[in-house]
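Presented below is the structure to which this report refers.
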Amino acid sequence: MKALRLSLVFIVICGLIYPLAATGVAQVIFPNKANGSLIEKNGEVVGSKWIGQNFASNKYFHGRVSSIANNASASGSENLAPSNPELKKRVENSIATLQKENPTMSSSNIPADLVTNSGSGLDPDISIASAKLQVDRVAKANQLDTKIVSELVSDNTTNRSLGIFGEPRVNVLQLNLALNELID
């Protein structure tokens, strides 16, 4: 009987009180982050800063490959080994699609992040090289000067966290929203 009472006490503490307290503190101190860092446009939520989205139109920058279609409820990746023929086929298909969409691109300078999944399948960012590779296509599709689109990429580049962590990167959703403001 003691074990049952002790179990119930810990269920209440660890399963109810602690999560509610942690959520309350997060809502007070970091409300934007606690609510998913949602991005709004004209009062409507268009996405999250932390979850990638699929942009298929040539008018927009494209993000990383996602084996889960950027579905946040199914986070994860295929986790295929480099020796897996399925991975090789998927990467070859991704390269062919990139070359079709970006005719000026050569297959020797394709950044790995444009043809590989992230560990979660939800990565919202691409490398600067991946964004720059798409500038010609996006500029042409939107009838913009490539210099303007290149400046847009530079303006939406995030540097290393605290100057040392991670790599410089571009959030695809934020870049495409900035592009929308430019063409509207």
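Quick caveat, the model's predicted, so the values are computed rather than measured.
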In the structure I gave you, are the side-chain heavy atoms of [X] and [Y] within less than 4.5 Å of one another anywhere?
X    : Y    : result
V172 : Y60  : no
L175 : L152 : yes
I95  : V91  : yes
S48  : L38  : yes

Gap between atom [atom2] of [Y] and atom [atom1] of [X] - 0.5 Å precision:
X    : Y    : atom1 : atom2 : value
I11  : I17  : CD1   : CD1   : 12.5 Å
S150 : L144 : OG    : CG    : 11.0 Å
T146 : K132 : OG1   : NZ    : 12.5 Å
L114 : L133 : CG    : CG    : 6.5 Å
N142 : R137 : CG    : CZ    : 9.5 Å
S83  : K88  : OG    : NZ    : 11.5 Å

I need the minimum non-hydrogen distance between [X] and [Y], along with the two atoms involved.
X    : Y    : value
Q134 : I126 : NE2-CD1, 3.7 Å
R160 : I164 : CB-N, 3.9 Å
V149 : F61  : CG1-CZ, 3.6 Å
V46  : K41  : CG1-CB, 3.8 Å
R169 : I128 : N-CG1, 4.4 Å
N117 : R64  : O-NH2, 3.0 Å

If we ignore hydrogens and angles and just use 3.5 Å, is the side chain of H62 paired with the main-chain N or O of A131 as donor and acceptor?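 Not confirmed, H62 side chain does not pair with A131 backbone.
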Quick one: does any side-chain atom of N84 pair with a main-chain N or O of E86 as donor and acceptor, under 3.5 Å? yes
Any chance you could lay out the side-chain contact (heavy atoms from CB on, under 4.5 Å) test for N58 and E101, step after step, and finish with the verdict? CA-CA 7 Å; N58 277 337; E101 292 174 346; 3.8 Å; yes
Determine, using the 4.5 Å side-chain heavy-atom cutoff (strictly less than), whether [X] and [Y] are members of one ILVMFWY cluster.
X    : Y    : value
V170 : I148 : yes
L182 : V153 : yes
I39  : V45  : no
V138 : F55  : yes
Y18  : V12  : no

Check each of D113, L98, I110 against S130 using the side-chain contact (heavy atoms from CB on, under 4.5 Å) test, and report the only one that passes. D113
